[in-house]
Protein chains: 2
Amino acid sequence: MNLKQLSETLGLSQTTVSRALNGYPEVAEATRLRVQQAARRYGYQPNIGAQRLARGHSRTIGHVIPLSTQHEMVNPVFADFIAGAGERYSAAGYDMQLTIVEDRREEEIYVEMKSQGKVDGVIVHGPLMDDPRIPFLADLALPFVVHGRASDCKTPYSWVDVNNVRAFERATDFLISLGHSRIGIINGLEHMDFAHRRLHGYEAAMFRAGLTSDPTWHYAGEMTEINGYRAMKDILSHPVHPTAVVVSSYISTLGVRRALDEAGLKVGRDVSVITFDDDLSYLRNGEDIPIYTAIRSSVRQAGRLSADMLIHQIENPGSPPTNHLLEAALIVGGSTGPAPQE
Amino acid sequence: MNLKQLSETLGLSQTTVSRALNGYPEVAEATRLRVQQAARRYGYQPNIGAQRLARGHSRTIGHVIPLSTQHEMVNPVFADFIAGAGERYSAAGYDMQLTIVEDRREEEIYVEMKSQGKVDGVIVHGPLMDDPRIPFLADLALPFVVHGRASDCKTPYSWVDVNNVRAFERATDFLISLGHSRIGIINGLEHMDFAHRRLHGYEAAMFRAGLTSDPTWHYAGEMTEINGYRAMKDILSHPVHPTAVVVSSYISTLGVRRALDEAGLKVGRDVSVITFDDDLSYLRNGEDIPIYTAIRSSVRQAGRLSADMLIHQIENPGSPPTNHLLEAALIVGGSTGPAPQE
DNA sequence: CCGTAATTTCAAAGCGCTTTGGGTGGCGCA
DNA sequence: TGCGCCACCCAAAGCGCTTTGAAATTACGG
């Protein structure tokens, strides 16, 4: 059933039917009701392609997921972020389009999206320190919101981010307050903006406490279980090793635990661990009592916020970029304890 | 730049330009070349909405992710499946649309997709034993491929699935061959079809070996880390407990390990563990040497296959449903060993 | 009872593409 | 020379919706 048929059965023009259905005021309430009922009865659904063509926008939001050809890894927080954003899209009547693309082709995809009118806006995932995508998109005039930030970017843009500096500062401070002085960090890849900020927060806390941070206590790499395991194992291999570590991801932390178990060290007694906890639905950090002491910020919530901001931006063209800085909560669990006496 | 403008600058009709660009034979090669060059030069991209309207299909494939209101959990294998499917969509010129929806509204979404012409086909995730979505979609005449199967469904349909029965049979057989006789299973929710099959495979192997399976050695629940931990802890709480377990997910296995560590039991010596390994990019089961003995089948590969099958089905309407049964490999790692002597 | 304004409805012109159903013009062949 | 046949190109008619501009109807004050 299409508009024409519906309008014919109703004995009205397409104009009136369209207006009745789209809530325009210039149609009598009685008529509107009649039209709505008929639409329901005959299961009329406007053709989306035709609507897009006529309206000039797609009510679709794009997420482009770059897949680096070396790593071929999909960020595990992605599923939860999408779930959060998706909730909001559904509520606001938007569709979500996902594109998996080799990272070197990402800009090309944006151009295509823009000029084909595929999407009304995009969410940018996993920004680097100086991410070329941001000026590029700003230039394209395609509305976008970044999940994270790009430190070296001067042009203003909209973003949703966790206060990573502060989160790692607090985590480190907490360990220091427990008497730890040799503290390691197992971080993400350092060209990723979030990892850079986390390192920064950690270093600031160490410096303020007058502690030095041995480079052999640092690790930066993709945040997989294996890498967490390797990093911890490597850190332990040095004669003088840390009594505590802060870890950038819950998944890496699982590897860290494995390495500690293997070395016969008890988490929270021999080595304290604080993890960053994205509050993933399938990796809850305990329920009432947390397993790990953690700095927690829900990535799902970040997804919701990003979606809301982007929709606002799309529906209010010309509105200035907005930001949202989420504070991570420091949650005390069983993985931290006083520094062991030497 | 749109078709009209492009054709005007070229001094050709829209027809010819459209045909040249879409590879129709009735245009001179020289003209085609000229058109293609001009299109590139001016960055012409056909408007997607217009194309859809004119062609009558959307070149979009839908994935609807049901979010059960109780659990609110996004299946972690989902990201990898999507990545695999997404590769193929890109290559074939299809877009991917994701919809997050409360499970009770799922059918409504399908109707909408179909009648609005939003998508040309859909992938069905996480089928239940007797999944109402399958007859529903078959009825709708919307092409679809199921990732998994629905045991109780009589109408034929296309699916891609792992041979879950055989995988768990082999895993159990392997444990039996190592001398284990008390073997537990930590499974997914049993109304999920895959979990049902896995249980079945496990039971078949036990039965064939003349072993009985104590119900206190069984667990069925959402496959999170926490649940793995709880399940293992619970299993260990009984005076006579299993010396080996098969676990339905890598993530649960991480919880299982935690419970074993906490109990002072060594994986592979005191308790043998075999896990199902979806070969997730962020949770690799070791690299050269596997951490866990596992039955492995790449969910990403399943994504690729599903996408290929669906595209084929869309482009060849009326072709009969096809199936693809993947065999999981049994990979021996360090988490299994001979049954401990009592 | 009429002029004016407000309300309600409509016909038709897009939106940008594909596709049908012709037209040219040039060539070979009788 | 004339005919038929390709090879190439075109005008125009959709696809199903929105929206403009105008017409028809009703309401109302003088």
Side-chain angles (χ1 to χ4, degrees), chain A residues 1-36 38-39 42-60 93 95 111-120 315, chain B residues 1-39 42-60 93 95 112-120 315:
Chain A
M1 166 76 67
N2 60 22
L3 224 212
K4 193 170 169 196
Q5 294 166 341
L6 182 63
S7 62
E8 276 164 5
T9 44
L10 276 164
L12 287 171
S13 74
Q14 297 191 34
T15 313
T16 307
V17 176
S18 170
R19 286 191 164 145
L21 258 19
N22 292 312
Y24 282 68
E26 52 271 80
V27 42
E29 266 325 298
T31 317
R32 188 191 306 281
L33 231 68
R34 199 157 68 89
V35 171
Q36 283 171 341
Y42 298 113
Y44 167 74
Q45 301 270 142
N47 177 294
I48 208 80
Q51 224 167 28
R52 285 182 184 177
L53 181 55
R55 299 220 246 238
H57 57 241
S58 62
R59 277 194 98 78
T60 296
D95 288 333
V111 174
E112 198 182 296
M113 284 181 157
K114 168 75 181 182
S115 53
Q116 293 189 149
K118 270 189 186 173
V119 302
D120 294 340
E315 296 181 351
Chain B
M1 167 78 65
N2 61 20
L3 222 213
K4 193 170 169 197
Q5 295 166 340
L6 182 64
S7 62
E8 276 164 5
T9 44
L10 276 164
L12 288 169
S13 74
Q14 296 191 37
T15 311
T16 307
V17 175
S18 171
R19 285 188 166 149
L21 258 19
N22 292 312
Y24 282 71
E26 54 273 79
V27 41
E29 264 326 297
T31 316
R32 189 190 305 281
L33 231 68
R34 199 158 66 89
V35 171
Q36 282 171 342
Q37 278 169 4
Y42 298 113
Y44 167 73
Q45 302 270 143
N47 177 293
I48 208 79
Q51 224 166 29
R52 284 180 186 178
L53 180 55
R55 299 219 247 239
H57 57 241
S58 62
R59 276 195 99 76
T60 296
D95 287 333
E112 197 182 296
M113 284 181 158
K114 167 78 179 179
S115 54
Q116 294 189 147
K118 270 190 187 175
V119 302
D120 294 338
E315 296 182 351

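In what follows, chains are A, B, ... by sequence order, proteins preceding strands, each numbered from 1. Side chains are part of it too, since the values below use all heavy atoms of this structure and drop only hydrogens, waters and symmetry mates.
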| Using the C1' atoms of the five pairs at each end, what is the angle between the end axes of the helix from C:dC1-D:dG30 to C:dA30-D:dT1, to 10°? | 50°
| said: If the condition is side chain to side chain donor-acceptor pair (under 3.5 Å), which residues does A:T9 pass it with, not counting sequence neighbours? | reply: none
I need the [X] [atom1] to [Y] [atom2] distance, nearest 0.5 Å.
{"X": "B:L10", "Y": "B:Y42", "atom1": "CG", "atom2": "OH", "result": "7.5 Å"}
{"X": "B:T60", "Y": "A:K118", "atom1": "OG1", "atom2": "NZ", "result": "7.5 Å"}
{"X": "B:L6", "Y": "B:L21", "atom1": "CG", "atom2": "CG", "result": "7.0 Å"}

| query | Under 4.0 Å between a side-chain N or O of A:N47 and OP1 or OP2 of D:dC15? | reply | no
| task | Compare side-chain N and O positions of B:N2 against OP1 and OP2 of C:dC15 and report whether any pair is under 4.0 Å apart. | result | no
| What residues in residues 9-20 of chain B put a non-hydrogen atom under 4.0 Å from any atom of DNA chain D? | B:G11, B:L12, B:S13, B:T15, B:T16, B:R19
How many whole angstroms separate atom [atom1] of [X] from atom [atom2] of [N]?
{"X": "B:Y24", "N": "C:dT20", "atom1": "OH", "atom2": "P", "value": "8 Å"}
{"X": "B:E26", "N": "C:dT19", "atom1": "CD", "atom2": "C1'", "value": "10 Å"}
{"X": "B:R32", "N": "D:dC8", "atom1": "CZ", "atom2": "P", "value": "10 Å"}
{"X": "A:L3", "N": "D:dT18", "atom1": "CG", "atom2": "C1'", "value": "9 Å"}
{"X": "B:K4", "N": "C:dG16", "atom1": "NZ", "atom2": "C1'", "value": "10 Å"}
{"X": "A:Y44", "N": "D:dT18", "atom1": "OH", "atom2": "P", "value": "6 Å"}
{"X": "A:R52", "N": "D:dG16", "atom1": "CZ", "atom2": "C1'", "value": "14 Å"}
{"X": "A:H57", "N": "C:dG16", "atom1": "NE2", "atom2": "P", "value": "14 Å"}

Using modelled atom types only, decide if a donor and an acceptor are shared between the side chain of [X] and the backbone of [Y] within a distance under 3.5 Å.
{"X": "A:Q36", "Y": "A:L33", "answer": "no"}
{"X": "B:N47", "Y": "B:G49", "answer": "yes"}
{"X": "A:R52", "Y": "A:R59", "answer": "no"}
{"X": "B:S18", "Y": "B:Q14", "answer": "no"}
{"X": "B:Q37", "Y": "B:R34", "answer": "no"}

| Closest to side chain of A:L53, choosing from D:dG16, D:dC9, C:dT9 | D:dG16
| Taking for each residue the nucleotide of DNA chain D bearing the nearest heavy atom, is the 5' side occupied by B:V27 or by A:R55? | B:V27
